[in-house]
Amino acid sequence: MTDKMYYLYHIPGKKIGVTTDLEERVERQQGYDKGEYQVIMSTSDIDLVSEREISLQKALGYRVDRKLYKDLYKPVNQITINNMRINVTEMTTTFPCPVSKLKGQLMDKIGMQWETDSGPVGITSKSIDWIMDNVKASQFTNSRCYVYNKAFARWFDNHDVYDHHGLDNAKQMNLVDQYNGKTRSGALSPGNERKYCDNTCSEISMFELIRMWADERGLYDKGDPKTQALKLVEEVGETCRAILKGNDMEAIDGIGDCVVVLVNLAELIGEPIEGCIDQAYYEIKNRTGKMVNGTFKKD
């Protein structure tokens, strides 16, 4: 029997990763062509490739995985915690009950946590509200329902999911994960200078709704940043024409279309729109200058 091979790959400027299937993981799922990534090593030794991945992520300044590859990719398609068996795939977490009975099941499992490809998630009193607002019934059976991992992990990462007195417990569960003051998905963590909602909000952001819409339609699997950039130019042109014509409704529509394209373009290049906004804000927040002919000119 042939040993399974593990490939350590490098997408320059983006990430270091490990996979057993380069074509599926890097090319089909992440959208890179063969000339756009490098295979650093191939080996049947999962311990070696796991250690090498972390060391290279640190050396090259990329985000460092929270777990070794060998630990993250132990068989986790079925996870049983507190007598609740959930199925975790790359895209979804599936619960073994209909939507009508899910909240009761979740209330009995507060404190349960698991890892997804998009980051760690868990069941808290606040995340239950998010799950119930976003859960979808299975198309194949009435006895299961699911949530999208990317949306859940990003919400979990960008919100204070614990009551104030439970924050220390959150740290003990190792679910508070910050990178230079930012969350894993790019936005500032609760308690830092900027945030996109206060600690009481549990609704999903409009940015996240756009990402979910695009993800469901395969834009992130098959989309191309170059075509999205051209799409942005097209939408900006339409917005400018509307403004020059004095058509406010068309201008509003055009601005919204530009935002949608920007959200998707940011996702395709690997930085959520919230992170792009943060970076831009911190570049301009202390900038001085003056208005000249309707335009701000920096000093």
> Around M132, counting heavy atoms of other residues, nucleotides and ligands shown, do more than 12 lie under 6.0 Å from its CE?
Replying inline: yes
> Is the count of non-hydrogen atoms from other residues, nucleotides or ligands lying under 6.0 Å from M291 atom CE greater than 12?
Replying inline: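 Enclosed.
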>> If the condition is salt bridge (charged side-chain N to carboxylate O under 4.0 Å, His left out), which residues does D21 pass it with, not counting sequence neighbours?
In response: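 Here no residue qualifies.
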>> My understanding is that only residues two or more places apart in sequence, or in another chain, count here; which of them pass salt bridge (charged side-chain N to carboxylate O under 4.0 Å, His left out) with K103?
In response: none
>> Please determine whether side chain to side chain contact (heavy atoms under 4.5 Å, CB included) holds for the pair R211 and I273, giving the CA-CA distance in whole Å, both sets of side-chain angles, and the decisive distance to 0.1 Å.
In response: CA-CA 10 Å; R211 284 186 287 251; I273 192 69; 3.7 Å; yes
Between the main-chain N or O of [Y] and the side-chain N or O of [X], is there a donor-acceptor pair closer than 3.5 Å?
X    : Y    : result
D224 : K226 : yes
T92  : T94  : no
Q38  : H10  : no
S50  : L68  : no
Y69  : E51  : no

By side-chain contact (heavy atoms from CB on, under 4.5 Å) - contacts of [X] (at least two apart):
X    : value
V260 : I210, N264
T239 : I243, I255, C258
K231 : E234, E235, V261
L48  : M41, T43, D45, R52

Separation of [Y] [atom2] from [X] [atom1] (nearest 0.5 Å):
X    : Y    : atom1 : atom2 : answer
Q105 : I123 : CD    : CD1   : 9.5 Å
E53  : I46  : CD    : CD1   : 10.5 Å
Y37  : L22  : OH    : CG    : 4.5 Å
D33  : E27  : CG    : CD    : 7.0 Å

[X]: what forms a side chain to side chain donor-acceptor pair (under 3.5 Å) with it, not counting sequence neighbours?
X    : value
Y9   : K15, Q30
S143 : T141
D215 : none
K14  : none

>> Evaluate I110 against I128 for side chain to side chain contact (heavy atoms under 4.5 Å, CB included), listing each step before the verdict.
In response: CA-CA 9 Å; I110 289 179; I128 289 174; 4.0 Å; yes
>> Run the side chain to side chain contact (heavy atoms under 4.5 Å, CB included) test on K150 and Y220 for me, step by step, so that the C-alpha distance in whole Å, both residues' side-chain angles and the decisive distance to 0.1 Å come before the verdict.
In response: CA-CA 12 Å; K150 182 180 287 188; Y220 299 144; 4.0 Å; yes
>> Under the salt bridge (Lys or Arg N to Asp or Glu O under 4.0 Å) definition, can you give me all pairs with a residue in residues 238-265, not counting sequence neighbours?
In response: K245-E250
Mind checking whether [X] and [Y] sit in one hydrophobic cluster, side chains of I, L, V, M, F, W, Y counted as touching below 4.5 Å?
X    : Y    : answer
V263 : V233 : no
F152 : M107 : yes
V49  : L60  : yes
W213 : M206 : no

> Going through the checks in order, is the side chain to side chain contact (heavy atoms under 4.5 Å, CB included) test met by V147 and V121?
Replying inline: CA-CA 12 Å; V147 294; V121 295; over 6 Å; no
> Who are the ring-ring contact (aromatic ring centres under 6.0 Å, His included) partners of Y148, not counting sequence neighbours?
Replying inline: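 Residues passing ring-ring contact (aromatic ring centres under 6.0 Å, His included) with Y148: Y146.
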> Going by an N to O cut-off under 4.0 Å, is there a salt bridge joining E283 and K298?
Replying inline: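 Salt bridge: no.
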> Does any non-hydrogen side-chain atom of I131 lie less than 4.5 Å from one of F95?
Replying inline: yes
